[in-house]
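All chains are named by letter (A, B, ...) in the order of the sequence lines, taking the proteins before the strands, and each is independently numbered beginning at 1.
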Amino acid sequence: MGRYILKRLAAAVPTLLAVLTVVFLLVRVVPGDPAQTILGDQATAEALAALRARLGLDRPLHVQYFEFVFAALRGDLGNSLVSGRPIIDEVVAVLPHTIDLTLAALVIGSIFGIPLGIWAAMHRNRFIDYVTRIGSLLGLSFPVFVSGIFLLLVFALHWRWFPVIGTSSSADFGDRMHRLVLPAVNLGLIMAAYITRVTRSAMLQVLGEDYVRTARAKGVPRRVVVWRHALRNALIPVVTVIGLYLGILIGNSVLTEIVFNRPGLGKVIVGALNQRDYPMLQGLLVIYCFLIVVVNIATDLTYGLIDPRVKHA
Amino acid sequence: MASGNATETVLSVKGLSKTFVTKRGFPNPVTVTVRAVDDVSFAVRAGEAFGLVGESGCGKSTTGRALLRLIEPDRGAVTYRGQDVLAASGAELRALRRKLQIVFQDPYASLNPRRGIGETLAEPMRVHKMGDRAQIAERVKSLLAEVGLPPSAADKYPHEFSGGQRQRIGIARALSVDPELIVADEPVSALDVSIQAQVLLLLRDLQARRGLSYVFVAHDLGVVRFFCQSVAVMYLGRIVESGPVEEVFNQPAHPYTTVLRQASPVPDPRAKSIAVRIEGEVPSAANPPQGCHFHPRCPNAMPVCKTVYPAWTQLTPTRGVACHLHTPAGS
Amino acid sequence: MRISRRAFTAGAAAILASTGASAQQQPKKVLNVGMAAQDIGRLDPNYATTTIDLVVVGWMFNGLVRFRPGSMNPETIEPDLAERWQSSPDGKTWTFQLRRGVQFHGGYGEMKAGDVVFSLLRAADPQRSGFAADFRAFDAVEAVDDYTVRLRLKENVPSLLGLVTNYHGGMIVSKRAVEERGERFQREPIGTGPFAYGELRARQSLELVAHEQYFRGRPKLDRISYRFIQSDASRDLAFQNGEIDLMLGRQEQTWADRVKQIPNAAVDVFEPGELSMLHINVTQAPFNDIRVRQAVAHAINREELVRFKGADVSRMPQSVIPMGYLGSAQAPLLPFNQERARALLREAGHPNGLTVRVIHTQLPSMLAGMQVVQSQLRRVGINMEMEVVEHATFHAQIRRNLSPIVHYAAARFPIADTYLTQFFHSRSIVGTPTAVTNFCHTNIADAEIDAARVSTDANEQRRLWGEAQRKLAEQVCAVPMYEGLQVWGRRANLEYGHPLQGSLSLGPMITELTHFK
Amino acid sequence: MKPAEAIDDIADAPPEPRSALVRAFAVFNANKTSWVGVIVFGAIVAMAALAPLISPYDPIEQDIIARLQPPSAEHWFGTDMFGRDVLSRVIWGSQISLIVSIASIAVALLVGGTIGLVSGYIGGRTDLLIMQAMDVLLSFPSLIMGLIVVAMLGPDLINLIIAIALTAVAPFARIARAPTIVLKERAFVEAGRALGFSHIRIVLVHILPNLLAEVLVMGSLWMATAVRVEASLSFIGLGVRPPTPTWGGMINEGFENILDAPWLSIYPGLAILILVFALNMLGDGLRDATDPKLRGE
């Protein structure tokens with residue numbers, strides 16, 4: 001198992017290298033000048049040039065590139081141009097918020113999505129099924145910022161159940177969770193819509209397979225068949241979706257963070273883009289891509305846990 | 001080695017080899033090397049049907065495809081009427097494509113489901129610029145007639161035909177470029193027995209009418225005996241015996257041929273089919289046994305068979321075998 | 001399903017109860033501020049340029065002198081870290097006597113002349129300051145003794161006191177802290193002001209704590225939580241929900257009107273006015289023809305723009321520099337006259353109007369005003385295509401002359417010289433090594449601007465500045481559109497401790513006197 | 001970014017005979033919601049096409065006096081901060097949503113489809129390399145990628161289309177590659193090679209038509225995603241340049257006025273919701289219709 005993970009990570013190295021290169025180039029091609037954002041609009045061209053030299057932005061591109069790649073391979077992503085702090089520190093500072101939100105959304109998505117999907121599959125083409133399908137389609141169709149605004153208007157402003165600012169300035173756990181509710185529900189419901197759909201279609205497929213039919217024919221009760229046989233196999237595509245959802249989750253979390261004013265990786269990256277904080281932008285993109293690779297590996301490993309037929313031999 | 005009359009030989013295959021490398025296993029894949037075709041040599045004479053026979057997985061289909069370069073072989077030489085097939089490229093290769101054709105086993109997979117029959121037959125002629133629109137249309141009709149289908153078939157789609165009819169269409173497509181040699185890759189094995197004969201008769205008829213040569217790939221000895229003049233028996237990527245059909249099947253030199261003949265139903269109703277099971281499992285081509293590949297299953301296995309692969313022994317000018325039973329002493 | 005729902009409701013109720021209890025406290029000692037920001041940039045006064053940074057830096061530092069809190073009128077400049085000062089008759093040598101016993105934050109000890117010399121030299125060094133150009137005239141800064149600083153100038157400057165106020169590079173930092181903290185000083189600076197750096201919660205808030213040893217006395221507030229809330233709407237919602245007490249507002253009449261309706265809420269509108277102008281590149285066709293520039297000027301309906309922005313939060317400009325600056329004059333601005341605009345375009349050879357492609361920032365407040373301008377220009381046949389880019393790109397591209405018309409909104413140090421030099425002196429033309437923000441590529445007022453800078457006669461100085469403004473307006477180098485004032489919302493029971501009329505830090509000054517009633 | 005639909009197994013879809021179209025239609029027809037999708041989508045297309053005729057006001061003409069008016073008989077959806085009619089802007093805004101989504105998906109389909117087709121057909125190391133490159137593309141969160149690309153090129157219609165197309169290229173490459181790998185092993189493709197057909201002919205004439213259906217179905221589902229991404233970029237402020245009305249841009253402006261004038265974001269928000277919903281229903285129906293597993297029953 002450990003060897004497998006190592007090998008998968010090693011296999012991801014070329015991809016990550018390519019990502020590094022693309023990221024480096026992409027970031028340099030974006031117009032705008034980090035020195036200007038640091039010095040402000042009254043700075044003279046001379047002052048800007050001096051700062052660019054100090055930041056090392058005037059060196060040839062390939063020099064900057066090799067420096068960046070070698071440092072990145074050593075795990076050093078450099079310092080933010082704007083704050084001067086190590087990028088890792090900046091990321092670690094907001095990571096808990098991102099993890100809170102992502103996990104909460106995953107939990108909400110699974111709690112609602114999986115049972116609903118199974119329920120709908122077992123009542124195929126009946127009223128419940130239609131309602132679930134249309135409901136989940138509707139969920140998929142909501143732009144996350146639109147649903148976020150509606151949630152804010154209704155629950156924060158009208159009913160005042162939850163605060164507007166989706167993050168706490170105190171260390172109080174209860175407060176932290178309280179403020180997490182709306183953003184997590186916003187992301188989680190959309191996630192639930194995805195999971196419902198995938199669970200439903202996976203269940204339908206598994207329920208149609210021979211061994212399930214055989215089990216039914218042998219007189220195994222329907223509930224047992226569903227829970228013991230079908231669900232286990234249906235969960236594989238569901239796990240895949242949860243893994244694949246990461247990309248969407250990141251995009252949606254940027255918007256959610258904006259609407260609910262939460263700190264998080266998504267907002268950091270948008271901020272870095274606005275400030276032309278090249279190292280920050282590079283570092284974050286690399287971290288994102290690395291994260292996606294890790295999630296893919298985790299997804300594959302989860303298959304093994306769910307489905308004993310997939311052997312790690 | 002089969003070396004008949006040199007002037008008659010149209011297709012000569014020498015030392016043809018093809019190795020597949022695959023990775024298998026999760027999560028720690030193992031590289032598997034399969035020698036699908038291993039140093040295969042034979043010759044086909046003009047107007048002859050040459051059979052390649054063996055159990056499934058023995059590499060006979062791969063051989064057929066490799067000599068047409070549908071799979072690029074790793075080593076060896078293929079010569080068609082003095083022309084090096086493997087070295088041909090560009091216009092040369094295009095010209096060769098017209099001379100050498102193939103008929104596939106699965107009549108369902110071999111036709112593009114989204115293309116009408118007329119279109120399927122006309123396309124090769126258009127590609128090779130074999131006439132104007134009207135001429136090609138005319139030739140489509142005559143091709144259909146030649147394989148025993150009505151002209152109306154041109155306007156239909158593959159799914160509207162039965163398996164036998166589709167195979168006729170497949171044959172017509174191969175004929176569309178006026179080939180001289182056809183590799184028939186198990187052309188009847190997917191068909192009902194009653195239809196097999198019709199298709200075989202059609203092929204034989206074409207052989208006579210057009211002077212075609214065939215490389216006829218099959219696992220069914222009866223069909224080979226009926227259709228072919230010469231035959232080569234393959235086992236795990238190698239030819240173990242070859243020669244004229246009657247000789248090989250009546251007096252097999254290789255124990256494998258004997259076993260194969262016993263296991264195979266013979267179309268002759270008078271001959272009692274003897275149900276002999278071939279002993280042992282077919283070894284994997286990925287991991288052939290040391291020595292003679294056949295020795296684990298061979299009733300006549302000797303100690304030497306376990307260590308040394310037998311050399312090719314020419315029994316008559318047209319017959320040869322690779323078996324220690326026939327190896328001249330001391331070699 | 002039912003169980004989970006019940007549990008959820010119960011949990012939510014419990015959480016509600018807990019926060020409900022904590023919301024009611026008696027004498028509030030914590031000020032929650034909502035700022036349109038994602039994060040702090042740099043809190044080193046030499047690099048603080050955005051509103052986000054300027055506002056807090058104003059609470060953390062002192063200068064040798066200061067504008068009276070709540071004012072940005074140079075005439076109200078009063079002692080701050082310096083108790084008194086005198087200048088030589090030629091105005092080139094200045095001596096400051098420092099206040100004794102002023103303590104830096106965080107135990108960095110007493111502020112002495114060495115810190116002042118260090119701070120001012122640092123502000124004048126382009127390697128360590130973004131405002132070095134302002135201190136170009138400095139010849140030498142030296143400590144006579146621990147409490148006396150002498151300043152020598154190469155040439156006269158329009159307002160020396162202006163350079164040593166609590167503004168930009170004039171703020172005094174701790175020498176030891178700068179040297180010890182290095183790059184960390186950018187985010188965790190040490191000053192002498194009423195509030196000190198406490199903690200930075202990444203992307204959430206900057207926490208400031210009262211400076212116990214502040215020389216004017218311990219601040220009445222204990223803590224300031226400076227929250228980063230980017231979106232205007234979120235800030236509004238948070239204010240409405242009672243989660244913040246003071247917030248950056250929007251230059252919008254509707255906004256001001258609505259916030260005033262909220263119980264216990266007040267709206268502050270104060271100086272400086274940020275002057276929004278269209279800077280027209282006079283060297284580039286078709287705007288090298290003055291008639292085209294005049295047409296643009298005649299097409300602009302300032303009244304409509306002010307109505308759009310709101311009468312309480314904006315006003316009609318009078319000149320090419322903002323109102324109320326030392327030296328600002330009434331300049332002959334061309335009146336709104338669509339007929340005249342069309343006629344001028346015809347004369348200039350554009351009977352069917354013309355199309356101009358400009359680059360504009362996506363910053364909502366600027367973009368909205370520009371969309372009104374776009375519509376006004378359309379009515380006289382000028383089709384303005386806006387390429388909206390995000391703000392950093394905008395700044396880079398307008399400095400590369402990619403936009404023939406640049407919409408720029410700015411407030412500067414309230415002396416005509418700063419504004420005129422940065423926007424209209426040929427030294428500041430973009431694309432040159434000394435470039436600042438002269439987007440119109442003009443040099444017609446160079447002589448007046450230069451002469452006024454070194455003039456020792458206040459009346460002559462005013463006359464020269466007035467002349468420069470008249471010329472620039474006449475030649476239509478820039479078309480003033482509106483002046484937007486600073487707009488903040490606050491709890492009505494928040495007392496600043498001074499009347500708020502203006503603030504160079506662009507936000508209310510929170511001082512030792514600020515408190516909740 | 002890939003919607004869940006993208007991962008559904010289409011690798012082994014056999015080429016279909018023509019009568020499958022008839023059966024597919026029957027499946028599509030049986031699913032009533034698909035028709036709702038078709039009708040609503042058709043209505044939005046009609047609205048976009050007829051915008052000049054049906055919109056009550058000029059969508060960009062300002063009337064500062066009449067700004068921020070709530071919905072009334074005169075302005076059904078109210079007016080925005082410039083006094084422009086929100087209903088008219090919603091009607092005109094459909095054009096941008098449709099143009100951007102259709103064009104970007106068309107580009108992604110063309111480019112991604114070609115890459116997948118070629119890569120799958122060539123196979124071997126080239127395929128490995130190309131797919132590795134696609135993985136690199138896929139590992140960028142699409143909204144972030146869109147943001148960077150738009151920041152790089154500047155926000156206008158064409159660049160927006162490029163940015164959104166870029167985020168969908170990799171998924172389409174994957175969608176096109178999977179069936180190509182299966183198809184190229186089929187005998188009719190081998191027959192083509194034996195007959196001396198050029199690779200281009202084989203790919204275009206013999207492989208492409210067999211996977212078009214699936215790719216087009218995915219296209220319709222991805223269009224829904226494209227509409228959302230366009231709106232998201234506009235919401236962040238990197239949309240088509242003003243004064244052109246776009247739904248995302250309207251929500252963006254409206255969000256800042258959410259407390260003063262909620263109608264500014266509610267109507268365009270509903271418009272996006274309806275369009276995306278319709279596209280999802282339509283794509284769903286189409287997918288059921290082409291999915292052999294569902295049709296088999």
* **Contacting moiety of A:Val268, where chain C heavy atoms sit under 4.5 Å** =>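 For A:Val268, heavy atoms of backbone and side chain both lie under 4.5 Å from chain C.
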
Please state whether the side chain, the backbone, both or neither of [X] comes within less than 4.5 Å of a heavy atom of chain A.
X: C:Arg235; value: neither
X: C:Phe228; value: backbone
X: C:Gln127; value: both
X: C:Thr432; value: backbone
X: C:Ala132; value: neither
X: C:Arg427; value: neither
X: C:Thr434; value: both

* Top of C:Ala396, C:Ala435, C:Ala133 for chain A proximity - count of heavy-atom pairs under 4.5 angstrom -> C:Ala435

* Structure fact -> Checked C:Gln230, C:Arg412, C:Arg400, C:Gln422 vs chain A; the most non-hydrogen pairs under 4.5 Å come from C:Arg412

* To do: Report the distance from atom CZ of A:Arg262 to atom CD1 of C:Ile229, rounding to the nearest 0.5 Å.
  => 13.5 Å

* Structure fact -> Output for pair (C:Glu183 CD, A:Ser80 OG), nearest 0.5 Å, gives 9.0 Å

* Asked: Does the pair A:His97 and C:Gln204 meet the rule for a side-chain contact (heavy atoms from CB on, under 4.5 Å), with working shown?
  -> CA-CA 10 Å; A:His97 302 282; C:Gln204 290 188 70; 2.9 Å; yes

* **Test salt bridge (charged side-chain N to carboxylate O under 4.0 Å, His left out) applied to C:Glu274 - qualifying residues, sequence neighbours left out** => none

* Donor-acceptor pair, side chain of C:Ser234 and main chain of A:Phe260, under 3.5 angstrom ->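 No; zero donor-acceptor contacts below 3.5 Å.
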
